[in-house]
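So you know, we letter chains A, B, ... as the sequences are listed, proteins then strands, and number each from 1.
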There are 2 protein chains.
Amino acid sequence: MNSRPSAPEATIIQALRNKGYRATSQRIAISRLVLTSRDHPTALQICKKIREAHPTVSLATVYKTLQVLSGLRLVQELSFPDAEAKFDSRMKPHLNLICEQCGNVADSEDRAADAVVKAAGREGFRVSGQRLDVYGLCEKCLKKNSS
Amino acid sequence: MNSRPSAPEATIIQALRNKGYRATSQRIAISRLVLTSRDHPTALQICKKIREAHPTVSLATVYKTLQVLSGLRLVQELSFPDAEAKFDSRMKPHLNLICEQCGNVADSEDRAADAVVKAAGREGFRVSGQRLDVYGLCEKCLKKNSS
DNA sequence: CTAAGTGCAAACACTTTGCACTTAA
DNA sequence: TTAAGTGCAAAGTGTTTGCACTTAG
C-alpha cells in the first residue's frame with residue numbers, strides 16, 4: 001500500500017469533473033490512493049486505508065468509485081478464482097508476476113508486454129487494454145524453499 | 001461448444017486414476033467436453049451440455065470436477081469482473097483476444113506469448129502458468145460498427 | 001466392502017443496489 | 001437549489017459446502 005511522493009490531486013479533480021463526475025472528498029481520497037499505489041490492493045484494503053483519514057467511508061463507496069475509475073480506464077480490476085479482486089492502476093502494457101506461494105504481484109516492464117499488444121493488432125484486433133498474468137514462484141519464495 | 005473429432009477418453013481415465021481420482025462417468029464426460037472444447041465455456045454452459053447425455057448431473061459436480069482439472073493443471077479458470085468464470089483447456093502460452101462488444105474469446109498462438117514467459121524467467125521467476133488477455137474489439141465487431 | 005464421488009439445498013463471500021440523508025456545484 | 005453522491009443494510013450472484021445416497025475399485 002505504498003504511495004508515490006506527490007499525488008496529482010488537482011489532476012484527479014479535473015479528470016473527474018471533465019467526465020461529469022463530482023469531485024467529492026471520498027472520491028479524491030480513494031482515487032489518490034489507488035492511482036498512486038504500487039501494489040495491487042483489494043477493495044477492502046483500500047477501504048481500511050481510507051478510513052484512517054475518513055472514518056465513515058463505506059465499502060460500497062469504495063466499490064462505486066473503483067467502478068468510476070475503471071470506466072475512465074484509469075484503473076483495472078483483476079479478478080481471481082477464490083480470491084477478492086485486486087485493483088491495478090498501471091494501465092500501460094506490463095506483466096503481472098503472481099507468486100502462487102506468497103501471493104505477491106510484481107510488475108515487470110518487459111518489452112514482451114508491448115509485443116503482445118502488437119501481435120493482437122496484427123490479428124486485426126483493436127486493443128484497448130490488456131492483462132498479462134504470469135503465475136509461478138517468485139525469487140524470494142524459491143530461495144526460501146531451497147534453504 | 002465445439003468438440004474435436006476424437007476424444008482421448010482412455011487418456012482421461014488414466015490421468016484421473018494416476019492422480020488417485022476415481023474415473024466416474026460424470027468426470028469423464030465433463031473432462032472430455034472441457035478438454036476438447038475450442039471455445040471458453042462457463043460452468044453453467046458445461047452443465048447444460050453435459051445434461052443432454054447425463055440429465056442428473058449437478059452444477060456442483062461440474063464445479064468440483066473443474067477444480068480437479070485445475071489442480072491437475074489440465075484446465076485454467078479465467079475469472080472476470082461482473083461475469084461468470086470461463087474455463088480454458090489450452091494450457092500452452094497463448095493470447096486470449098477478448099472482444100468487449102460481443103464477448104467472444106479468440107486464442108492466438110503468437111510467439112509473443114512465449115516471449116512473455118521467457119521474460120518472466122529472466123526476472124528470476126519460476127513460471128508454472130500464464131493468462132495473457134488482450135481486451136478490445138474483434139475484427140468482426142469493427143466491421144459491423146463501420147457499416 | 002468402503003472410501004470417494006454425487007446431487008441437492010443451504011451456506012458463503014464478494015459485490016451491487018435501494019433508499020433516505022448529505023453535499024458539490 | 002437540486003441532482004449527484006454517500007452510507008447503511010438488504011439483496012444478489014456465482015461458487016462452495018454439508019450430508020445422505022450412490023458407486024468405483
Side-chain angles (χ1 to χ4, degrees), chain A residues 9-10 12-34 40-48 50-51 53-72 75-87 103, chain B residues 9-10 12-34 40-48 50-51 53-72 75-87 103:
Chain A
E9 180 152 325
I12 292 170
I13 295 176
Q14 273 315 309
L16 288 170
R17 290 202 180 139
N18 287 345
K19 295 290 180 175
Y21 294 107
R22 290 189 181 170
T24 65
S25 63
Q26 294 94 326
R27 275 187 186 155
I28 295 166
I30 295 166
S31 301
R32 189 171 49 189
L33 176 63
V34 177
H40 302 72
T42 66
L44 190 58
Q45 288 172 330
I46 293 164
C47 191
K48 283 181 178 161
I50 293 295
R51 279 183 172 161
H54 297 69
T56 68
V57 166
S58 71
L59 189 53
T61 296
V62 172
Y63 275 111
K64 284 169 188 166
T65 300
L66 289 168
Q67 284 195 164
V68 168
L69 296 176
S70 294
L72 299 180
V75 151
Q76 183 180 26
E77 179 176 350
L78 303 177
S79 302
F80 296 97
D82 309 322
E84 305 160 74
K86 293 175 187 278
F87 292 85
Chain B
E9 180 152 324
I12 292 170
I13 294 176
Q14 273 315 309
L16 288 169
R17 290 203 181 137
N18 287 346
K19 295 289 181 175
Y21 294 106
R22 290 187 181 172
T24 64
S25 63
Q26 295 92 327
R27 273 187 187 156
I28 295 166
I30 295 167
S31 301
R32 188 173 48 189
L33 176 63
V34 177
H40 302 74
T42 66
L44 190 58
Q45 288 172 331
I46 293 165
C47 190
K48 283 181 178 162
I50 293 294
R51 280 182 171 162
H54 297 69
T56 68
V57 166
S58 72
L59 190 51
T61 296
V62 172
Y63 274 111
K64 285 168 187 165
T65 300
L66 290 168
Q67 282 194 165
V68 168
L69 296 176
S70 294
L72 298 180
V75 150
Q76 183 180 26
E77 179 176 350
L78 303 177
S79 301
F80 297 96
D82 308 324
E84 305 160 75
K86 293 173 187 280
F87 292 84

Does the side chain of [X] reach to within under 4.5 Å of the side chain of [Y], using non-hydrogen atoms?
X: B:Leu69; Y: B:Phe87; answer: no
X: A:Thr61; Y: A:Thr24; answer: no
X: A:Glu9; Y: A:Ile28; answer: yes

Atom [atom1] of [X] to atom [atom2] of [N]: distance rounded to whole Å?
X: A:Gln26; N: C:dA24; atom1: CD; atom2: P; result: 8 Å
X: A:Leu16; N: D:dA4; atom1: CG; atom2: C1'; result: 13 Å
X: B:Ile28; N: C:dT6; atom1: CD1; atom2: P; result: 10 Å
X: B:Arg51; N: C:dC8; atom1: CZ; atom2: P; result: 7 Å
X: A:Lys64; N: C:dC14; atom1: NZ; atom2: P; result: 19 Å
X: B:Glu77; N: D:dG14; atom1: CD; atom2: P; result: 13 Å
X: A:Ile13; N: D:dA4; atom1: CD1; atom2: P; result: 20 Å
X: B:Leu44; N: D:dG14; atom1: CG; atom2: C1'; result: 10 Å

With respect to the phosphate group of [N], does any side-chain polar atom (N or O) of [X] fall under 4.0 Å of OP1 or OP2?
X: A:Arg17; N: C:dA25; result: yes
X: B:Arg27; N: C:dG5; result: yes
X: A:Thr24; N: C:dT23; result: no
X: A:Gln67; N: C:dT16; result: yes
X: A:Ser58; N: D:dT6; result: no

Under 4.0 Å, heavy atoms only, any strand: does A:Ala85 hit a base, just the sugar-phosphate, or nothing?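 Answer is sugar-phosphate: A:Ala85 comes under 4.0 Å of backbone atoms only.
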With a 4.0 Å cut-off on heavy atoms, is B:Ala43 in touch with a base, just the backbone sugar-phosphate, or nothing at all?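 Result for B:Ala43 = nothing.
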Given C:dC14, D:dT15, C:dT23, identify the nucleotide with an atom nearest to the side chain of A:Glu84.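 Nearest nucleotide to the side chain: C:dC14.
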Nearest to the side chain of A:Arg22, which nucleotide is it out of C:dT17, D:dT15, C:dA25?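 For the A:Arg22 side chain, the nearest candidate turns out to be C:dA25.
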Could you pick out which residue, A:Asp82 or A:Thr61, lies toward the 5' side of DNA chain D when each is mapped onto its nearest nucleotide?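 Checking each residue's closest nucleotide, the 5'-ward one belongs to A:Thr61.
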I want to confirm an ordering. Mapping B:Tyr21 and B:Ala83 to their closest nucleotides on DNA chain D, which one lands closer to the 5' end?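 By nearest-heavy-atom nucleotide position, the 5'-most residue is B:Ala83.
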Between B:Ala43 and B:Val62, what is the shortest heavy-atom contact and its length?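 For B:Ala43 versus B:Val62, the nearest heavy atoms are O-CG1, 3.7 Å.
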Can you tell me how far apart CD1 (B:Ile50) and CG (B:Leu33) are? Round to the nearest 0.5 Å.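 CG of B:Leu33 is found 4.5 Å from CD1 of B:Ile50.
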